[in-house]
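Below, read A as the first sequence line, B as the second, and so on, with proteins coming before strands; counting in each chain starts at 1. Because only heavy atoms are used, hydrogens play no part in the values below, and waters and symmetry mates are left out as well, while side chains stay in. It should be emphasised that the depicted structure is a prediction, and the values quoted were computed from it without experimental measurement.
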Protein chains: 2
Amino acid sequence: MLFSGLPTRQESKGDVQRLSSSDLVMHFFGQQTLQSYRAHETILNQGDCTGYVFILVRGWTERRLGLPDGRCQTLSFGMPGDLYCTDLRARAPVNYTVSTITPVTIAIVGKLEFRAVLTGNPSLSRAFWREQQASLAIQQRWTGMLGLLGATEKVAHLFCEIYKRQEHRGGTRDGACVFPMTQTQIARACGLTQVHTNRTIQDLRRRGLIALRSRRLVVSDFEALARLAQYDCGYLDGENAPTKAACATV
Amino acid sequence: MLFSGLPTRQESKGDVQRLSSSDLVMHFFGQQTLQSYRAHETILNQGDCTGYVFILVRGWTERRLGLPDGRCQTLSFGMPGDLYCTDLRARAPVNYTVSTITPVTIAIVGKLEFRAVLTGNPSLSRAFWREQQASLAIQQRWTGMLGLLGATEKVAHLFCEIYKRQEHRGGTRDGACVFPMTQTQIARACGLTQVHTNRTIQDLRRRGLIALRSRRLVVSDFEALARLAQYDCGYLDGENAPTKAACATV
DNA sequence: GCGTGCCATTAACATAGGTTGGATATGCAA
DNA sequence: TTGCATATCCAACCTATGTTAATGGCACGC
C-alpha cells in the first residue's frame, strides 16, 4: 500500500474503530515470529504462495510488479505498520515481489490463526476491511497519477506522499523526514528513467521546493509542492471528502 | 474493478466459496431497488457520500479520477456484476466518478442492511474479502501497465482484458465480443491522447491482431495479442500462480 | 432526405522523456 | 588510506507521444 499506515494516534486499546491494522495485529496476536533482512534482499517473490500474513515492523520495502520481458514497476513503498499477503486463502500466490530498501524486520502470523481470530471479531474484520479499502483507494490514486501527470508532477507527488505518511506517524521535524529511496528506485515508482528522474529532482531543487541529500528529504513549503503535484490528502484518511474535482469531458 | 466479475459458473447456491459477489448479493438480498440511466450520465460524483452499495446489473460504466485542474483518468471499466461503493462506513466519500457508457441498470442495497447480513455470514464476508483482494490485484496490475508499457502495448492490454472478462462470462463467440468504448474513452483509460490512440489501433489492425468496428471487437489470435501486451491472465482468477517474472534489477 | 453532432481519421509540427556513455561524488570495507 | 561499489550528475542525441486543426463518415432525429 502506498499509504496503509493510517494515523497512529494515542488511544485506548478498546477503541477498535480507530486503531490501525498493524496495531490490531499486535493487540490480538501478541507474540509473533520475527524475521530480519538486510538491505537489498528479497522477502517475497512474485508467484510465491505463503501461508502467512506479515507486518513490516522496521525498515522500508519496495513492492514491484515484474513483466515477462524483465521490466518492472514499483507499485508501492512500505514502511513500518504496513501489511502484506492479506489474501487469506491458504495457497494464494502473491502478484508482486517485495524486497528491502533498508534493513528490515517483519512479524509473521499464520493465515489459519489469522482467519480464526477474524471470524470471532467483527470489529477486527471491519478494521481490516477498512484498511483494504484504503489500499485500493491509494492504488487507484496512483494509477491516476501515472496516467495523468508529467514527470515533475509525478516525482513531486511521491515526495508529498512519503512526507505525509511520515508526518501522520510523527516522523517529521521542521519539514524534514527520512527518505531512503535512491533515484533509481524513485524512477521505478514513477515510471521514468533514472536519468530523467535526476533532471526532475534538480528542477524541483532549483525551484526551491525540496532539498534531498543523504537519505533526507526537506520540504520547506508543502503547500506549493502539493499544488504542483495536484496532491490531495483527502484520499488518505478516507474521512474527509476528497476534492470535488469536476471532470469536464464525459 | 477492472476485472471484478470472476468466472460465472453454474453452481449450487450452497457453494458459497465459488460464487461471485454479485451472485451473493442477489442470493442474500433478494429484491433490491433498481435504477436505470441512459448513456453518458453520471451515476456517482467524486466526493459524494452515499449510504448504498450498488451492483451493476446491465450496461457498461467508466470509473474516473478527476484532478483539480480538470484532467481525468479512467481507473476501470465496469460491466454487469461489478460492485461499487463497497466501503461500508455510512458516510464514506467515493474517490472517483462513475458514469455510464451505455444505458445502465443498477441495483441498490443499503449499507446498514449490507453490514448486518455480512456480520451473520462469515462465508459471505470471506467472499467479499476475496473480491476486494481481486480488485486490488487488478488495480495493481493496471498501475504497472501504465508505468511500464508503451502505447501499443497498453491499448493491446486493454483489449485483452475486456475480451477475457467477457469470455469468462460466456460473452464471446468466434473470437468476437462487444466493445462499446469510443477511442476517446480508450485513450482516457490508457493515459494517451485520442489521436495517438487512433494511430495505435490502426497499427494493431494493420498487424492483423484485432478488428474493431461498430462497437465490436474481434481478436483472431489472442495469444499473439497477449504476447505483445505482456498480458498475463494469472492475476484474474487468483488461483493459478502468476508468471514468475524475474525482476533483474533490485 | 437532410441537417447536426459525435466519432474516426489524417497531417504537420512541437516536445517530453528515453538512450547511451561517461564523469564525479559518496560511502563502505579492507 | 586506498580501493571498490553504488549513486549522482551531465551532455548529445533520438523517438514516442502530444498538440492543433481540419476532413470525412456514420447514426439519429426531424
- Item | Worked check of salt bridge (charged side-chain N to carboxylate O under 4.0 Å, His left out) between E153(B) and R71(A) | CA-CA 13 Å; E153(B) 295 164 302; R71(A) 281 179 286 177; 2.8 Å; yes

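Atom P of nucleotide dT17(D) and atom CG of N198(B) are separated by 14 Å, given to the nearest angstrom. To the nearest angstrom, C1' of dA7(D) lies 10 Å from NE2 of H40(A). The interatomic distance linking I101(A) (CD1) with dA7(D) (C1') rounds to 15 Å, in whole Å. Look at NE2 on H196(B): it is 20 Å from P on dA21(D), rounded to the nearest Å. Atom pair R199(B):CZ and dT19(D):P shows a separation of 11 Å (rounding to whole Å applied).
Along DNA chain C, the nucleotide nearest G150(A) and the nucleotide nearest V195(A) are compared for position; the residue whose nucleotide lies closer to the 5' end is G150(A). Nearest-nucleotide positions on DNA chain C place L149(A) closer to the 5' end than the other of Q194(A) and L149(A).
With sequence neighbours left out, S220(B) forms a side chain to side chain contact (heavy atoms under 4.5 Å, CB included) with no residue at all. Under the side-chain hydrogen bond (donor to acceptor under 3.5 Å, both in side chains) criterion, R58(B) pairs with T105(B), sequence neighbours left out.
Looking only at distances, no side-chain donor or acceptor of T102(A) sits under 3.5 Å from a matching main-chain atom of A39(A).
The cationic atom of R215(B) (NZ for Lys, CZ for Arg) does not lie both less than 6.0 Å from the six-membered ring centre of F179(B) and within 45° of the ring axis.
Using a 4.0 Å heavy-atom criterion, one finds that T193(B) contacts the bases of the nucleic acid, with or without backbone contacts as well.
For residues 200-215 of chain A, proximity to DNA chain D is found at Q202(A), R205(A), R215(A), defined as any non-hydrogen atom under 4.0 angstrom from a strand atom.
At most 12 heavy atoms of other shown residues, nucleotides or ligands fall within 6.0 angstrom of atom OH in Y52(B).
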